[in-house]
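Step one of this worksheet: look at the structure below.
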Amino acid sequence: MGGPTRAITLSRTISGLLVDLDYLVVDEKKPVVRLWIREGRESIQVLDENFEPYFYVIPSPEYDLGQLAEEIGGVEYEGVAVKRVETISLREGLDQKPMLKVYTHLPGDVPKLRSAIRHVVGVESVREADIPYVCRYLIDKDLSPSKGVLVHAQSRDGAWWATEDPVNLDSVDSQVVVLAFDIEVYNPHVNTNPDRDPVIMVGVATNTGFETCLKAEADGEKTSDKEVLESFVECVKEVDPDIICGYNSDNYDWPYIIKRAKKNRVELSVGRDGSTPSSKPAGRIRKIKIVGRANVDLYKVVERDLPDVKLKTLENVSEHLGVVKHVERVNIPKDMIWAYWDDPEKRETLRKYSLDDVRSALGLAERLLPLQAEFSQLTHVPLDDIPSMGRGRQVESYLLYEAHRRGIVAPNRRGVESPTTYKGGFVLTPKKGIHEDVVCLDFASMYPNIMLSYNISPDTFCPNCGDDEAYVAPEVGYKFRKSPRGFFSDILANLIEKRAEMKAQLRSMSPESSAYKTLQVKQQALKTLTNSFYGYMGWQVARWYQLECAEATTAWGRHTIKNVIQKARDMGIEVLYGDTDSLFCKNSPKVEVFVREVNREYPLELEYKGVYRSIFFTSKKKRYAGLLDDGTIDIKGFEVQRGDWSELAKEVQEKVISHILVDKSPRKAVEYVRRVVEELRDRRVPLEKLVIYKTLTKSLKDYKSKQAHVIVAEKLSDMGYVVEAGSKIAFVVTRGQGKMSENAEPIETAKLEEVDTNYYIENQVIPTAHRILEHFGYTPEDYRGTGKQATLTSFM
DNA sequence: TGGACCCAAGGCCAT
DNA sequence: TGATGGCCTTGGGTCCAG
């Protein structure tokens, strides 16, 4: 006391999981990266001021580099100046080139200076000026989000500042905290309107075992949601989750809560720095950001990663993943939620319903997040951004990281040019009929392995190479240097090798162990990434787009499968069907020899995929049904597999196939179809089985032809529903004059009495059944059930 | 005016 | 905002017989 005060500097080492990161600008002159780290039970923010924004300039070959550096160093544009310029050497393609590294003061200066410098004389091109600052930071510091990080920090001004570059940690014992939430809204009108309808419940569940349903204050007629929103904020602060999940939360729950909070003057301070969620456009869609936490909309994950679930409601997906079974959950019609709220006796049921929803969401999170986190680690992209990224952008993020490590300067994103297309895989017309004992063979990861084997990569493409120093693609004649190994081939080699190691390791582990499951997910992510490279090369807006590479890859694919089919036939093996990388052969001892020889002759691996006790082909490609060894039925391409046919039609087709393959009785199948037709005539079929779902792929005004789902969507829109690109439209066909589309009714208003049973008989049940049964000599008359005609046709 | 015929639009699936 | 190959239904047009 009384003596001179001495600043005490505390320092500590933080090791934990890198949850999220962003940056601030301090004093309008300096960017500071904020790392949000989960260390054990604690969440810590570490600031890093040691990273300057920059981009590259490639000089014109004839221009003096020193002079250009000086000129660019003096560039000032819209009050923004270049900070400094360095000369460096980087690779473009296979060539090492001198370039300029242009530093700026702030991240926001980069795009401004790019547009000014692009036009400076002597500048050939400006590169990597469109990489967001935070991504740049992760790439340059070799850090991965959703992975361990170790950082030494000192305290200053009440915060922790990194004293050295943070480094990767392979294992951390931090348990991330996941919070799932789901809101229920008072909805006496058809649609919900945040200006009018309050939030009545917020279900919250966490992976730490906490669970609650926050309820609004029901005060007689007037319901206030001020308190429920405040409790939600308190709840988030209390739990302090690293990840917040919802189902369709970016498009519904968050925007709704944000509007209600504004209306009620509630401070929605759920960010780790006390900030409120921000809504920023990410491409065409909206993305909600919460500071210090990863905000994950599970619907987006499901949309991209679960194509097998045709109708992506929370209930359906949760049923499909075995998270919360339909029979175990409280089911309330969505449009009756308000009534359950109003009735004090039913309110408890609504509470349970809300809890079931949020448990489903949490269950989905637990099932889906590990893979997303793996992608986040692999591609060096914050978990937050993973769900809204397509495969192309994931590949690109990974490539940017790998390019930096190799001293390669990335090409710029391309603009949209005139669309070009190229030839793809070869499909063999199947030999129609039922075949017994058929073996299915396929080339493992055919395209990646072709790219690897023939060194196909944008930087090895070499039109002027001699034939001896290059691999020459069949049909198209494109050449690729045999050495050195290309950028893509090198990456693929690493990915494939890494995955092979993991698979070997998995074989020695117990499938029940959690380590097995973790490794399984890692392996899965590597596979998906590896398989996305071919498509990436043919993606027209890709930085590393190279049409010739994509063309050569498919050309080698066609060449291989055609030759292999020929070889099998030459050996006396009957080949029944093949598609791109697979072939179906009549089983015989020769097959084993054939596979061995193919694997010796080609730089690819031909594998056994399965044996069918019997398999059925029509003469159409991409459609078959087979009974596998283990008794399961494998159906491809047929309507059963499709989301745009009525449940009834799909069920009929599936049973027909089963009668054919398992019972070997087309007669039973026909009798069954006839019974269904009769039931339909008598209207003894539940309405739900008649619903047809079709997706609106663009906005209503853009349709040239008015098909059923478009007309139904227009009706729904008039009724106040939100219909937009991506909406699934559910309708049934009712009786009436004229076009089918004009008689389609939204399921919301449809009644069984009005259903056009004839449409379902003639356009749903009979065509799908006949697609199979026509190959057994039946005619459509045979299903219609009038005994006379059946006899007549069989007589004739 | 209705039916036969053809083609494009549209959606979804196989690989 | 990874790729091409493929199947099928419906709408929307033309042509033609009656």
Mind listing the N/O atom pairs, protein and nucleotides 3-8 of chain C, below 3.5 Å?
unit_1 : atom_1 : unit_2   : atom_2 : d
C:dT4  : OP1    : A:Thr421 : OG1    : 3.0
C:dT4  : O3'    : A:Tyr422 : O      : 3.2
C:dT4  : O3'    : A:Gly424 : N      : 2.8
C:dG5  : OP1    : A:Gly424 : N      : 3.0
C:dG6  : OP1    : A:Lys621 : NZ     : 2.7
C:dC7  : OP1    : A:Lys621 : N      : 3.3
C:dC8  : O3'    : A:Arg771 : NH2    : 3.4

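- The CG-P distance, from A:Asp756 to C:dT9, rounds to 17 Å in whole Å.
- At the heavy-atom level, A:Gln641 lies under 4.0 Å from the strands shown only through sugar-phosphate atoms.
- Judged by a 6.0 Å distance limit and a 45° cone about the ring axis, A:Lys312 is not positioned over the six-membered ring of A:Tyr299.
- Remark: P of C:dG12 and CE of A:Met740 are 13 Å apart, rounded to the nearest angstrom.
- The salt bridge (charged side-chain N to carboxylate O under 4.0 Å, His left out) analysis of residues 540-554 of chain A, with sequence neighbours excluded, yields the pairs A:Asp130-A:Arg543, A:Glu396-A:Arg543.
- Using a 4.0 Å heavy-atom distance criterion, A:Tyr577 is classed as making no nucleic acid contact.
- Chain A approaches DNA chain B over the interval B:dA9 to B:dT15, counting the first and last nucleotide 5' to 3' with an atom under 4.0 Å from its heavy atoms.
- Residue-level contact check: A:Tyr545 touches neither bases nor backbone, having no heavy atom under 4.0 Å from any strand.
- A:Tyr703 comes within 4.0 angstrom of sugar-phosphate atoms only, judged by non-hydrogen atoms across all strands, and of no base.
- Ranked by how close their nearest DNA chain C nucleotide is to the 5' end, A:Ser532 and A:Gln764 are led by A:Ser532.
- With sequence neighbours excluded, no residue satisfies salt bridge (charged side-chain N to carboxylate O under 4.0 Å, His left out) with A:Glu754.
- Between A:His770 atom NE2 and C:dT9 atom P there is a gap of 11 Å when expressed in whole angstrom units.
- By the side-chain hydrogen bond (donor to acceptor under 3.5 Å, both in side chains) test, A:Asp308 pairs with no residue at all, sequence neighbours left out.
- Heavy atoms of A:Val395 sit nowhere under 4.0 angstrom from any nucleic acid atom.
- The cationic group of A:Lys728 does not satisfy the cation-pi geometry with A:Tyr693, failing either the under 6.0 Å distance to the six-membered ring centre or the 45° limit from the ring axis.
- Across all strands shown, A:Asp442 has no heavy atoms under 4.0 Å from either base or sugar-phosphate atoms.
- For A:Glu128, the salt bridge (charged side-chain N to carboxylate O under 4.0 Å, His left out) test picks out A:Arg136, with sequence neighbours left out.
- Listed by chain and residue number, A:Ser457 satisfy the side-chain hydrogen bond (donor to acceptor under 3.5 Å, both in side chains) test with A:Asp459 (two or more places apart in sequence, or in another chain).
- Here A:Lys739 pairs with A:Glu742 under the salt bridge (charged side-chain N to carboxylate O under 4.0 Å, His left out) rule; sequence neighbours left out.
- Residues satisfying the salt bridge (charged side-chain N to carboxylate O under 4.0 Å, His left out) test with A:Glu762, not counting sequence neighbours, are A:Arg784.
- A:Asn743 places its CG atom 16 Å from the C1' atom of C:dT9, with the value rounded to the nearest Å.
- In this view, A:Arg393 satisfies the side-chain hydrogen bond (donor to acceptor under 3.5 Å, both in side chains) rule with no residue, not counting sequence neighbours.
- Qualifying side-chain contact (heavy atoms from CB on, under 4.5 Å) partners for A:Val521, counting only residues two or more places apart in sequence or in other chains: A:Pro370, A:Leu371, A:Glu374.
- A heavy atom closer than 4.0 Å to some atom of DNA chain C occurs in no member of residues 296-305 of chain A.
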